[in-house]
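Only heavy atoms go into these numbers, but all of them, side chains included; no hydrogens, no water, no symmetry mates.
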Amino acid sequence: MKVLENQLLVIFGASGDLTSRKLIPALFEIFSQQLLPDGFAILGVGRKEFSSEEFRTKISTELSKTGDKTPGKNVIEAFVSMLHYISVNTMDTSEYGSIRTKIDELQQAHGTGGNCIFYLATPPSLYEIVASGLSINGLTANDNGWKRIIVEKPFGINLKSAQLLNNHLLQCFDEDQIYRIDHYLGKETVQNVMVTRFSNGIFEPLWNRNYIHHVEITAAESIGVEGRGGYYDKSGALRDMVQNHLLQLVSLIAMEPPTRIHAHDIRNETLKVLHSVRRIENIGSDVIRGQYTESMVRGIKHNGYRSEPGVASDSRTETYVALRLFIDNWRWGGVPFYIRTGKCLPVRVTEIVVHFRPTPHRLFCFDEGRMNSDNQLIIRIQPDEGILFKIGMKIPGTGFHVQDVNLDFHYSDLGSQNLPEAYQRLLVDAMQGDATLFTRGDAIEQSWKIVDPILRAWENDQSIPIFGYPAVTWGPQEADGLIDDSTMTWRYPCKNLAEGIYCEL
């Protein structure tokens, strides 16, 4: 990677959960790998009353609680010496003048050259206010060093709100200054989707409607709403996972080869995919929604969603959604993309499964346990990251009996190779001005155009059912009907649990 320029990172919401759980550990790891420039500082901005020393003490304490990987005291002290804090009412743009004064002071002290990243680790309701406060105080122009802003999801709650947010941000920043972060795109295995496709000559000739029967994407979570019922009940699985994470995975799988590995070219190709997704007209048959109910599994009682704190007793918010999409272009015409995500499923796993068309003539006997008589390329995003290819092989002995065997690669096989955490990778990319793994405003709006009709249908048509499914099962049985080929079924990836922790690839 290229050497990072001197710069200042300003974190709004520095006293919040996202900063302590994700941003600070990621920045500390970047620091530990000696990737930060000499002229670098971090300014935390928040409403809580902290001095810079109190903020450093808080961060030092948190970094010292990392278990077996506890870093040395000297390393922590060197890192926190770059931390500074200022307490302001971020709701009041008149107070942003003090932020500018502090930034000017730190630029002089640390030699950051006027380069500055503003990270919005705040509630979405503050995005427009913070952008306005920065703009009013002359902190957004690139005339004295470059300026960038990182915006966390959610990017709106529907198409209209996303458009309003984009328009407001563009009044304060240029599009190439705005980095809309989706941590899924920072995962190493997600990035490897492009490498798998475009660096191996054996895949591209087969990557089309002539050889692929369907594509399946699963993002399963084993936990419920974990005390976030009040937030989740206003969001649901479609907004929380499909509109952003899963449609991004669809676009990476289905995109055309870019002319070069450059942010502009890659994002143009993924946008074309989103433009080609067919509007879902029959919501009742092409989209299945569910909500987990109380269950007893292995002697353990699991609460239903409506029993969670903060959730309405008559809530119709989906905790599970499965849908069938079609991409109307030359490559993918007629190939269904099946997407599902849910909470309180048996395990936590995210994977992409490319199902190749079965052989046209069934010559051999397959073992009885084989449900899908096709070759499958499985890209495991989390956990147990890796790639697996399922092929049929002859069982030793008389006759021609066939069973599935696996050709696989696990990132863990690389041994000492470090698998960077998503926020770590994305922060470094933003620092060096690489927007490849960040989402552009027009792509955000196009993804909302795909899911908005579904949200409106659910809101306006109470006859569309929401199916219950027992907690810690694979969702409502009605989702099985989405796959309209009697010889095919969803891949259920967890017959075995590796060390009882995650399902084996």
Side-chain angles (χ1 to χ4, degrees), residues 1-14 18-19 23 26-27 30 35-46 82-86 88 90 92-122 124 126-153 155 165-182 263-264 267 423 426-442 444:
M1 70 173 246
K2 64 182 182 182
V3 178
L4 297 178
E5 297 179 76
N6 293 343
Q7 57 192 274
L8 174 67
L9 175 62
V10 182
I11 303 176
F12 287 86
L18 176 63
T19 300
L23 302 186
L27 288 165
I30 296 168
L35 299 178
L36 293 178
D38 294 332
F40 184 81
I42 302 168
L43 174 60
V45 179
M82 298 185 299
L83 301 182
H84 306 268
Y85 188 88
I86 183 171
V88 299
T90 46
D92 186 356
T93 56
S94 67
E95 294 193 18
Y96 282 56
S98 61
I99 299 176
R100 171 159 191 161
T101 301
K102 188 68 174 179
I103 288 174
D104 290 341
E105 174 190 320
L106 294 177
Q107 286 177 349
Q108 291 295 322
H110 292 271
T112 59
N115 301 322
C116 194
I117 295 178
F118 303 102
Y119 198 116
L120 304 191
T122 67
L126 285 175
Y127 291 170
E128 295 183 14
I129 296 172
V130 173
S132 294
L134 295 173
S135 179
I136 291 169
N137 287 275
L139 289 167
T140 64
N142 285 329
D143 50 4
N144 179 27
W146 49 255
K147 308 296 186 297
R148 298 169 189 149
I149 186 169
I150 301 178
V151 185
E152 277 278 348
K153 82 172 191 75
F155 312 109
L165 175 59
N166 277 335
N167 290 338
H168 187 89
L169 290 174
L170 289 172
Q171 291 173 18
C172 306
F173 294 86
D174 294 332
E175 176 61 41
D176 61 6
Q177 293 177 280
I178 304 171
Y179 289 66
R180 299 169 186 84
I181 192 168
D182 183 341
H264 178 76
R267 298 201 293 182
Y423 274 96
L426 293 171
L427 279 167
V428 171
D429 282 357
M431 289 175 185
Q432 62 185 10
D434 183 353
T436 303
L437 301 177
F438 295 84
T439 312
R440 209 164 58 191
D442 49 5
I444 293 289

Could you list the residues that satisfy salt bridge (Lys or Arg N to Asp or Glu O under 4.0 Å) with [X], not counting sequence neighbours?
X: Asp442; answer: Arg440
X: Arg180; answer: Glu175
X: Asp182; answer: none

What are the two closest non-hydrogen atoms of [X] and [Y], and how far apart are they?
X: Arg267; Y: Thr439; result: NH1-C, 3.8 Å
X: Asn6; Y: Pro37; result: OD1-CB, 3.4 Å
X: Gln177; Y: Thr140; result: NE2-O, 2.9 Å
X: Ser98; Y: Val88; result: OG-CG1, 3.5 Å
X: Thr93; Y: Ile129; result: CG2-O, 3.7 Å
X: Ala121; Y: Thr19; result: CB-OG1, 3.9 Å

Any salt bridge (Lys or Arg N to Asp or Glu O under 4.0 Å) pairs touching residues 137-150, not counting sequence neighbours?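 Checked against salt bridge (Lys or Arg N to Asp or Glu O under 4.0 Å) - neighbours excluded - no pair reaches residues 137-150.
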Please, which pairs that meet salt bridge (Lys or Arg N to Asp or Glu O under 4.0 Å) have at least one residue in residues 105-115, sequence neighbours excluded?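 Matches after skipping sequence neighbours: Lys102-Glu105.
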Okay, side chain of [X], backbone of [Y]: is any donor-acceptor separation there less than 3.5 Å?
X: Asp174; Y: Asp176; value: no
X: Asn166; Y: Gly441; value: yes
X: Asn144; Y: Gly114; value: no

4.5 Å side-chain heavy-atom contact, [X] and [Y]:
X: Thr90; Y: Phe12; result: yes
X: His168; Y: Tyr127; result: no
X: Ile103; Y: Phe118; result: yes
X: Thr436; Y: Asp429; result: no
X: Met82; Y: Leu36; result: yes
X: Leu437; Y: Leu426; result: yes
X: Cys116; Y: Val10; result: yes

[X] side, atom [atom1]; [Y] side, atom [atom2] - distance, nearest 0.5 Å:
X: Tyr423; Y: Tyr119; atom1: OH; atom2: OH; answer: 4.5 Å
X: Asn115; Y: Leu9; atom1: CG; atom2: CG; answer: 12.5 Å
X: Leu43; Y: Gln107; atom1: CG; atom2: CD; answer: 10.5 Å
X: Leu8; Y: His110; atom1: CG; atom2: NE2; answer: 8.0 Å
X: Leu165; Y: Leu170; atom1: CG; atom2: CG; answer: 9.0 Å
X: Phe155; Y: Ile178; atom1: CZ; atom2: CD1; answer: 11.0 Å

Under the side-chain contact (heavy atoms from CB on, under 4.5 Å) criterion, do Leu427 and Ile30 qualify, and how do the steps go? CA-CA 9 Å; Leu427 279 167; Ile30 296 168; 4.1 Å; yes
Could you tell me which residues satisfy ring-ring contact (aromatic ring centres under 6.0 Å, His included) with Tyr179, sequence neighbours excluded, listed by chain and number?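 If we apply the ring-ring contact (aromatic ring centres under 6.0 Å, His included) test to Tyr179, skipping adjacent residues, the hits are Phe438.
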Should we say atom CG of Asp92 is surrounded by more than 12 heavy atoms from elsewhere, each under 6.0 Å from it?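 More than 12 within 6.0 Å, yes.
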With respect to Ile11, which candidate in Val45, Leu83, Ile42 satisfies the side-chain contact (heavy atoms from CB on, under 4.5 Å) definition?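 Answer after filtering Val45, Leu83, Ile42: Ile42.
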